[in-house]
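Letters A, B, ... are given to chains in the order of the sequence lines, protein chains preceding strands, and every chain is numbered from 1. Atoms considered below: every heavy atom in the structure, side chains included; atoms not considered: hydrogens, waters and symmetry mates.
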Amino acid sequence: MRAEERAREAALLVELPPEETTVEATALTHLPSARGFFKPHRIVLMAVAGGLVFCAIWFLRWDWLPQYAGALAWGVGVSLLLLASTSILGFAIAVPIGLVQVTGPWPLKALAQGFCTIIRGTPLLLQLWLLYYGLGSLFPQFPAIRQSFLWPYLREAWPYGVAALTFSFAAYEGEVMRGAFAGVPRGELEAARAFGMSRWKLFWRIWLPRAVHRALPTLNGETVLQLKSTPLVATITVIDVYAVVSKIRQVTYLTYEPLLLLALIYLLLTALLVLAFRYFENKIPTRSV
Amino acid sequence: MTERAEAIAVRDLRKRFGALEVLRGISLTAHEGDVIAIIGGSGSGKSTFLRCINMLETPSSGSVAIRGEAIALKGDGHGGLAPSNRRQVQRLRARLGMVFQSFNLWQHMTIIQNVIEAPVHVLGVPRAEAMERGEALLRRVGLFEKRDVYPSFLSGGQQQRAAIARALAVQPHAMLFDEPTSALDPELVGEVLGVIGDLAKEKRTMILVTHEMKFARNVASHIVFLAQGVIEEQGPPEQIFGDPRSERLRKFISSVH
Amino acid sequence: MTERAEAIAVRDLRKRFGALEVLRGISLTAHEGDVIAIIGGSGSGKSTFLRCINMLETPSSGSVAIRGEAIALKGDGHGGLAPSNRRQVQRLRARLGMVFQSFNLWQHMTIIQNVIEAPVHVLGVPRAEAMERGEALLRRVGLFEKRDVYPSFLSGGQQQRAAIARALAVQPHAMLFDEPTSALDPELVGEVLGVIGDLAKEKRTMILVTHEMKFARNVASHIVFLAQGVIEEQGPPEQIFGDPRSERLRKFISSVH
Amino acid sequence: EPVKVGVAAEPYPPFASPDASGKWEGWEIEFAQAICKQAKLDCVITPVAWDGIIPALTTKKIDMIVGSMSITPERLKTIDFSDKYYNTPTGVIGPKSEAFDATPAGLKGKTIGVQVATIHQDYANKYFAPAGATVKEYQTQDEANNDLAAGRLDAVQADAIALTDFLKTDQGKQCCELKGNVKDDPAVLGAGVGVGLRKGDTELKGKVNAAIKAIRADGTYDAFSKKYFDFDVYGG
Amino acid sequence: MTADVINWGLLALEPPGWGGVLLAGLFNSIKIALGGYSLGLVLGTGGACGKLYGGPVVKDLMEIYTTLVRAVPELVLILLLYYAGTDLLNRAAAALGYGTVNISGLAAGIFVIGVVQGAYATEVLRGAILAVPAGQIEAARAYGMSPLLTLRRVTLPAMLPHAIPGLSNLWLISTKDTALLAVVGFSELTLVTRQAAGATKAYMLFFCAAGALYLILTLVSNLIIRFIEARARRGWAAPS
Ligand SMILES: Nc1ncnc2c1ncn2[C@@H]1O[C@H](COP(=O)(O)OP(=O)(O)OP(=O)(O)O)[C@@H](O)[C@H]1O
Ligand SMILES: Nc1ncnc2c1ncn2[C@@H]1O[C@H](COP(=O)(O)OP(=O)(O)OP(=O)(O)O)[C@@H](O)[C@H]1O
Ligand SMILES: [Mg+2]
Ligand SMILES: [Mg+2]
C-alpha cells in the first residue's frame with residue numbers, strides 16, 4: 001500500500017502534459033467544409049491559388065515526373081503499409097499500456113508510465129537511429145543471433161523502422177487510452193457487472209469498445225501524426241515515398257519541385273485518412289453537447 | 001405470503017466502510033410476487049443494501065440467498081466477506097434485473113443492442129430470439145421506434161425506460177430499482193413510474209428504493225423504512241403511511257410530503 | 001418629474017433577429033433618480049431592450065440618448081443600424097454600470113482588480129485613487145475582506161455583490177441590471193436585493209429587469225410591462241400591481257405570484 | 001564578406017571529420033584552408049547535409065563545396081566546378097569470409113552499400129544493379145561501413161582512399177578487405193574531384209583555380225598531403 | 001568496440017571526450033527551440049486573432065496555413081522552408097536591391113521551427129480563446145473597453161489557463177523537432193551525436209547519452225511548466 005503510494009508519487013513527478021490537448025492542434029483532423037465555397041472573396045482566393053498552381057506547373061520543371069511515377073507509387077505504398085502496420089501494432093500495445101496504468105499493479109503501472117515518458121520525451125529520429133545504428137550493430141556480435149532464423153530480417157532496415165514507429169505510436173496512444181479507460185463512466189461498468197458479465201466479457205464487450213469509442217477522435221489525430229512521422233524511416237535506408245523523392249532530388253538536382261510534390265502527396269494522404277475516420281466516427285454518433 | 005417461494009432472502013446483513021457501519025444487521029425476505037419499497041433518509045444505507053443483494057458491494061457479514069440458493073461467501077482477509085465462487089455470483093446476478101438511478105446504458109451501443117447484450121453474451125440466448133424478445137420489450141416500454149438510436153440521443157425518461165427494458169430482457173427472477181426517477185426532470189418522472197407500476201401489477205418480484213412516497217404507497221405490497229442502517233419500521237403501505245409508529249418515520253414522512 | 005434631466009431616453013426602438021422582430025417600437029425615458037423596473041414574460045425582449053441601451057445589441061431602428069447625447073448611428077448595410085463612432089459608444093458605455101445575470105466577473109482578476117479595472121484602464125483614474133474608492137465600495141457591499149480573493153472562490157451572491165461594486169466603481173450616470181438575482185440560489189437572493197434596494201433609496205438612476213415582483217413593487221418608482229416586444233402597460237407600482245388594466249398583465253401577475 | 005565553404009556534415013575520414021572538440025579536420029579541410037589562404041579569402045567552414053549540399057550551394061547557403069565531389073557531366077548541368085584537386089580510383093570492399101571480386105559478375109546477388117548522391121551510387125546502379133545486386137543507399141559513408149561491419153551488407157563501394165582508411169581501423173581490420181577497384185567509366189565516375197561552385201560565379205572560380213595551381217606549384221599541397229597519404233593523391 | 005566494455009571516457013567534457021560537443025549541440029537545440037517557440041507564439045497569437053476576428057480573406061488564409069502545416073510532415077516542411085524560405089527571402093531582398101542577405105543556420109532553424117509551431121499555436125490559442133466565457137468579454141465591452149484593450153486585459157489573460165497544457169506540449173514538441181534539423185546538417189544535438197557516434201563507433205553509448213539529455217530537458221521543462229501552470233491557475237477554484 002505504502003509502496004504503491006510512493007510509486008504513484010514518483011510517477012506523478014514525471015508525468016507529461018496530456019497528449020489529448022494538442023492532437024487536434026498538431027494534426028489535421030477535420031477537413032475545411034465545402035459549404036460556402038463560392039463566396040466572392042473565395043473565388044478571388046481560388047483564382048490566386050489557381051494562378052500559383054499554374055505558375056508552378058509552367059515555370060518549374062516537371063519533366064522527370066513520368067520517369068519516377070512508378071517509384072513514387074511504390075513509395076506511397078510503402079509509406080501506407082508502414083502507417084497501417086505500425087498503427088495497428090502500436091494500438092495493440094497501447095491498449096494494455098493504457099489499461100495497466102488505470103488498473104494494473106504498481107510495478108506494471110510504473111513500467112508503462114516509464115515507457116510512455118521515455119518515448120514521449122525523446123525525438124523519434126533519435127530513437128530510430130538508436131535502434132538501427134545502435135542496437136542493430138550490436139546484434140551481429142552475438143553469433144547466436146547471427147545464426148538464428150531472425151537474422152535475415154534483422155539485417156534489413158524496415159524491422160527497426162517498424163519497431164520504432166510502433167513504440168512511438170504505442171506510447172502516445174497508450175497515454176490517450178489511459179484517459180479513455182479512466183473516463184468510461186463507472187456506472188456503465190457496474191451495470192455490466194450487475195448483468196453477470198465475467199471480467200473478460202466486461203472488458204471485451206463494454207470497457208474496451210467504450211474506451212475506443214471515446215478515444216476515436218484522438219485516434220484520428222494520432223494516426224495523422226503517425227503518417228507525418230513515417231518519412232523519418234528514410235534516414236535508415238527504408239525506401240518510402242520520402243526516400244523516393246530524396247532520390248529524385250539528388251538525381252535531378254531540383255530543389256523545390258520534388259518537395260512540393262511530396263507535400264502534395266502527404267496532403268492527399270492526410271485528407272484520405274481524415275475521410276476514413278469520419279466514416280467510422282459517423283457509425284457511432286454521439287450528441288455534441 | 002408464506003406459501004410462495006422465497007425470491008430473495010437477506011439475513012443479518014452488515015456492511016462497514018472503514019470506520020463507518022452503514023448497514024447494521026438487516027434481514028429481509030422477498031417472496032415471489034412481492035413488491036417491496038425501501039424508503040429512508042439520505043445516507044441511511046438504502047443503495048448499499050440494494051447493491052449488497054447482487055454483490056456489487058460485498059457485505060461485512062450476513063448472508064444473501066437468491067431463490068433459496070445461498071451466495072457462497074468467505075473471509076476476504078480484511079474482516080469482511082467476499083464471494084468464494086465468482087461464477088456463482090455471475091450466474092445469479094444474470095437473473096437479477098438492476099435499474100440504476102443514472103440509467104447506465106452503454107453509450108456505444110444502440111438501444112436494442114443494449115437490450116440484447118446480456119441475454120446474448122451472458123445467458124447465451126440465440127441472437128434472433130433475443131432480438132425478437134428485445135423488440136417486444138421495447139414496444140412495451142414505448143421505445144420501439146428508438147431501437148436503433150444511441151442512448152445519448154434520448155431524453156432521461158426514455159433512457160430509463162430503455163434501462164428497464166434491458167433489465168427485463170434477462171427474464172429476471174427479481175428486479176432491483178435504485179431511485180429510478182431521481183435523476184429525471186419532474187415532467188419525465190411520470191412516464192417511468194407508469195412502466196414500473198405496470199410491472200408491479202403483473203406481480204413481478206421487485207425491490208425498489210424510492211423517494212416517491214405516493215408511488216410507493218400505490219404500488220408496493222410492503223414498505224421498509226431504513227434509518228441509520230437498521231430497519232426502523234416495516235409493514236403494509238397503509239400502516240406505514242397511515243399509522244406510523246416510530247417518531248423517526250413520522251418525521252420522515254412529514255418532511256418528504 | 002419634468003424638471004429633472006433625462007438620464008436615458010429611448011425613442012421608438014426596434015430590433016429584429018433575422019425574421020423575428022423582438023422589439024417593436026419602444027420609447028422610454030429615465031430621468032435622473034428614476035428607478036424603472038422592467039417586467040414581462042420570458043422572451044418578451046427585456047434583455048434585448050437593456051442591451052440595446054448600451055449598444056451591446058445594435059438596434060434595427062430608433063434612437064438612444066444618454067444624458068441628452070444621442071448615440072450616433074448609421075445604416076449597417078443589412079437593414080439595421082450600427083454606431084458610427086465607436087469611441088463615442090465606448091465613452092458612453094463607460095459610465096453605464098451594467099450588472100449581468102451571470103455576474104461575468106473577470107475570473108483571472110481578484111475582486112478588487114475587477115473593481116478598479118474599468119476606472120483605471122478605461123476612465124484613466126489614477127490607480128491609488130481607484131483603489132481607495134474600490135475598497136470603500138467593497139466595504140459597502142460587505143466584501144472588504146474578500147478583496148484579494150478570486151471570483152470563483154465566492155458564492156453566487158457574493159459574486160453578484162462584487163459585480164455591483166464593479167458597476168458602481170465607474171461612478172455611473174445610470175445602472176442597468178439584467179435579472180441580477182435569477183442565477184442565484186433562493187437563499188442568496190436576499191443579500192443582493194438588499195444592496196440594490198439601498199442604491200434605489202439613494203435615488204440612483206436605475207433600469208432593472210427582474211422577476212422578483214415583490215421587490216420591484218417596493219423599490220421601483222416606475223414599472224414597465226413588456227409583452228411581445230411592446231410596452232403593454234406602464235405606471236407607478238401601485239397601479240401596475242394593484243389595478244392592472246390589460247388582461248395580459250393581469251395574467252402575468254397572477255402567474256408569477 | 002566571408003566565403004562559406006560547405007563540407008559534408010558527416011564524418012568522411014581521412015578527408016573531413018569532426019574531432020572531439022567539434023572542429024573539422026582532415027586532408028580536405030587543410031586543402032580548403034590552403035586555397036583560401038592563397039586566394040586571400042576569408043573562409044568559414046560550414047557543415048551541410050551531404051544530400052542537400054547542391055541545393056545549399058544554389059540557394060546561397062554556401063559559396064563553394066569542398067566535399068570530395070567528383071566532377072561529372074550530370075552535376076555540371078546544375079553547378080560549376082573548379083579544376084580537379086584530387087583523383088583516386090573507386091574500390092569495393094567486403095567481408096574477409098567471402099571471396100568475390102569487384103565486377104558485376106562477382107557482385108551478383110549481393111547487397112552493396114553506397115553513399116547517396118555520389119558517383120558510386122550512380123556507378124553501382126549502372127553496372128551492379130542490372131547484374132543482380134541490391135544497391136542500398138546511405139546518408140553517410142560511415143554508416144555504410146558500419147553496416148558492412150555489422151553484417152548487414154555484403155559489400156561497400158566507395159572512394160578507394162576512404163575505404164583504405166576504414167580498413168585501417170580496428171573495425172575494418174577485423175571484418176573486411178579490399179576486393180579490388182572497379183573498371184573506370186569517366187562518364188559516371190567523372191574526371192577527379194573539384195571544388196563545387198555556383199554557375200556564373202566566375203570570379204570565385206578564377207581565384208580558386210589560380211590558388212590550386214599555386215599551392216601545387218609552391219609545394220604546399222604536397223606538404224599537407226604527406227601527413228595523410230604515402231602516394232600522390234592528385235592522381236595522373 | 002564490443003558492448004561489454006563501455007568506454008565512459010568518450011563522454012568526458014574535454015577532448016578526447018565528446019561530452020563538450022554534445023553539450024554544445026544541446027545548447028544549440030535549446031536555442032533553436034526557444035527561438036522557434038517564441039516565434040511560433042507570436043505567429044500563433046496573430047493567427048488565432050486572425051482566425052477569430054479577422055475578415056473573410058484573413059480567415060481563409062489562416063485556415064490554409066494551419067491546414068497545410070498540420071497535414072504535411074514536419075520533416076518535409078523543414079526541408080521546404082529551409083531551402084525555399086531562405087531562397088525566397090534572398091530573392092526578395094535582391095529584388096528590393098539589398099543584395100543577398102546572410103541567413104545564419106541558426107536563424108534559418110528558428111524560422112523553420114517557428115513557422116511550424118505558429119500553425120500549432122494558432123490552433124491551441126484559438127481553442128483557448130473560444131473557451132473563455134462570452135460573458136467575460138461582453139462585460140469588458142459593457143464597461144467601454146476598446147477591442148484591443150479587451151484583448152489585452154481580458155481575453156488573453158483569461159484564456160491562459162486553457163492554453164497552458166497545449167502550449168506546454170508545443171514546447172516539448174519544439175524541443176524534439178529541433179532533431180529534424182539534423183537532416184539539413186544543422187549542428188544540433190542529434191547531428192553531433194551522430195557525428196560523435198560515427199567517429200568513435202560507440203553508437204549505443206552516444207545515442208543513449210543524447211536520449212538522456214533530451215529526456216532531462218523534457219522533464220526539467222515539465223517542472224517549470226507545472227510551476228507556471230500553478231501560477232496561471234490562480235483564480236480557478238480548486239477542483240471540488
Ligand atoms: N464506497 C463507499 N465508501 C465509503 N462510504 C460509502 C461508500 N458507499 C456509500 N458510503 C456511505 O454509506 C452511507 C450510506 O450510503 P447509501 O448510498 O447506501 O445511502 P442511501 O440511503 O442510498 O442515500 P441516498 O438516498 O442519498 O442515495 C453514506 O454515508 C455513504 O457516504
Ligand atoms: N442573438 C440573438 N439571436 C437571435 N435571437 C435572439 C438573440 N437574442 C435574443 N433572441 C430572441 O429574442 C427574443 C427575446 O429575447 P430576450 O433575451 O430579450 O428575452 P427576455 O425577455 O430577456 O427573456 P428572459 O426572461 O427569458 O430572459 C427571444 O425569443 C430570443 O430567442
Ligand atoms: Mg442511494
Ligand atoms: Mg433575459
Enquirer: Looking at E/Leu79, E/Val124, E/Leu213, which has the largest count of heavy-atom pairs under 4.5 Å with chain A?
Expert: E/Leu79
Enquirer: As an exercise: rank A/Leu126, A/Thr29, A/Val44 by heavy-atom pairs under 4.5 Å with chain E and give me the winner.
Expert: A/Leu126
Enquirer: Can you say whether A/Leu130 sits under 4.5 Å from chain E via the side chain, the backbone, both, or neither, judging by heavy atoms?
Expert: both
Enquirer: For the side chain of A/Ser229 and the backbone of A/Leu225, is there at least one donor-acceptor N/O pair under 3.5 Å apart?
Expert: yes
Enquirer: By a 4.5 Å heavy-atom criterion (distance strictly below it), what part of E/Ala182 contacts chain A: side chain, backbone, both, or neither?
Expert: side chain
Enquirer: We want to know whether A/Gln226 and A/Thr86 form a side-chain donor-acceptor pair, criterion being a heavy-atom distance below 3.5 angstrom.
Expert: yes
Enquirer: Need one label for E/Asp177: side chain, backbone, both or neither, based on atoms under 4.5 Å from any heavy atom in chain A.
Expert: neither
Enquirer: Okay, side chain of E/Asn28, backbone of E/Ser187: is any donor-acceptor separation there less than 3.5 Å?
Expert: yes
Enquirer: Looking at chain A, which one of E/Ile225, E/Ile216, E/Asp87, E/Ile64 has the largest number of heavy-atom pairs inside 4.5 Å, strictly under?
Expert: E/Asp87
Enquirer: Are any side-chain N or O atoms of E/Arg70 and backbone N or O atoms of A/Glu24, one a donor and one an acceptor, separated by less than 3.5 Å?
Expert: yes
Enquirer: Where the side chain of A/Tyr242 meets the backbone of A/Ser79, is there a donor-acceptor pair that is under 3.5 Å apart?
Expert: no
Enquirer: Please rank A/Thr22, A/Thr26, A/Leu125 by heavy-atom pairs under 4.5 Å with chain E and give me the top one.
Expert: A/Thr26
Enquirer: Between E/Asn169, E/Thr193, E/Thr218, which residue shows the highest count of heavy-atom pairs closer than 4.5 Å to chain A?
Expert: E/Asn169
Enquirer: Using heavy-atom distances under 4.5 Å, tell me whether E/Ile173 contacts chain A through its side chain, its backbone, both, or neither.
Expert: side chain
Enquirer: Salt bridge check: are E/Glu123 and E/Lys51 linked by an N-O gap of less than 4.0 Å?
Expert: yes
Enquirer: If we define contacts as heavy-atom pairs under 4.5 Å, which of A/Thr235, A/Thr255, A/Leu232, A/Val224 has the most with chain E?
Expert: A/Leu232
Enquirer: Where the side chain of E/Glu188 meets the backbone of E/Leu191, is there a donor-acceptor pair that is under 3.5 Å apart?
Expert: yes
Enquirer: Out of E/Gly166, E/Ala71, E/Ala210, return the one with the most heavy atom pairs under 4.5 angstrom to chain A.
Expert: E/Ala71
Enquirer: Quick one: of A/Ala49, A/Ala271, A/Ala263, who has the most non-hydrogen atom pairs under 4.5 Å with chain E?
Expert: A/Ala263
Enquirer: Among E/Leu167, E/Thr190, E/Leu61, who wins on heavy-atom pairs under 4.5 Å with chain A?
Expert: E/Thr190
Enquirer: Main chain of A/Leu219, side chain of A/Glu173: is a donor-acceptor contact present, judged purely on distance under 3.5 Å?
Expert: no
Enquirer: For A/Tyr133, does its backbone N or O pair with a side-chain atom of A/Ser137 as donor and acceptor, under 3.5 Å?
Expert: yes
Enquirer: Does any heavy atom of chain A fall under 4.5 Å from the side chain of E/Leu172, the backbone, both, or neither of them?
Expert: side chain
Enquirer: What part of E/Val69 is in contact with chain A, defined as an atom under 4.5 angstrom from a non-hydrogen atom: side chain, backbone, both or neither?
Expert: backbone
